[in-house]
Amino acid sequence: MSLRRVVKNLTGQDVSLCQACLDCDFVIQNEMDIPLSSLIQLVLHDDEEALHTRTLWSDSVLEASRGACKRGLNLHAVILALRAESKRRTA
Ligand code: SF4
C-alpha cells in the first residue's frame, strides 16, 4: 500500500491536497534533515526515504507540527501515522 494511502487510512488526511506552498517550513537546528513540505512530497511519491528522515523522528518537530499547515492538513497526525508505518514495516 502506498504511503499516501496508509496516511489516509490511519488519519483521514489526504496529503495529495498539499499545495507545496511551503508555509509549513520551519527549521529546528540539528533535528531536521528535510523540511516538512519535502517530507510530504516524499509521501506523495511513495518514497520510503520519508520513513528514515531525522525530521520524521524528531519529537521537537512533532510538537511544532501542530497547526503548521496553513491549508488544513493535520501534519501532527501524518507524522504519527508515518512513524507507525515505519515500525510496522520493520517489525
Ligand atoms: S503548509 Fe500544508 S499545503 Fe503548504 S506545503 Fe505544508 S503541508 Fe503542504
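Numbering starts at 1 and runs along the sequence shown. Computed over heavy atoms, backbone and side chain alike; hydrogens, waters and symmetry mates excluded. Remember, it's 1-based here, ligands and their atoms both numbered in the order they're listed.
- Few gaps surround NE2 on His52; more than 12 heavy atoms of other groups in view lie less than 6.0 Å from it.
- To the nearest 0.5 Å, atom OG1 of residue Thr55 and atom CD1 of residue Ile34 are 5.0 Å apart.
- Those atoms of ligand 1 with a heavy atom of Arg71 less than 4.0 angstrom away are 3 (S).
- In terms of modelled atom types and a separation under 3.5 Å, the side chain of Asp59 and the main chain of Leu62 share no donor-acceptor contact.
- When distances to atom 6 (Fe) of ligand 1 are checked against a cut-off of 2.8 Å, Cys21 contributes no N, O or S atom below that limit.
- Residue, atom and distance of the protein heavy atom nearest to atom 2 (Fe) of ligand 1 are Cys69 SG, 2.3 Å.
- The proximity of Leu22 to ligand 1, defined as any non-hydrogen pair under 4.0 Å, is limited to the backbone.
- Near Lys70, meaning under 4.0 Å from one of its heavy atoms, ligand 1 places the atoms 1 (S).
- Residue Gln19 approaches ligand 1 through these ligand atoms, each under 4.0 Å from one of its heavy atoms: 3 (S), 8 (Fe).
- Counting only heavy atoms of the protein, atom 6 (Fe) of ligand 1 lies nearest to Cys24 SG, 2.3 Å.
- In terms of modelled atom types and a separation under 3.5 Å, the side chain of Asp46 and the main chain of Leu3 share a donor-acceptor contact.
- Ranking the protein heavy atoms by distance from atom 8 (Fe) of ligand 1 puts Cys18 SG, 2.3 Å first.
- A salt bridge is defined here as a Lys NZ or Arg NE, NH1 or NH2 lying under 4.0 Å from an Asp or Glu carboxylate O, and Asp14 with Arg4 meets this definition.
- Formation of a donor-acceptor pair under 3.5 Å by the Thr90 side chain with backbone atoms of Ser86 is found in this model.
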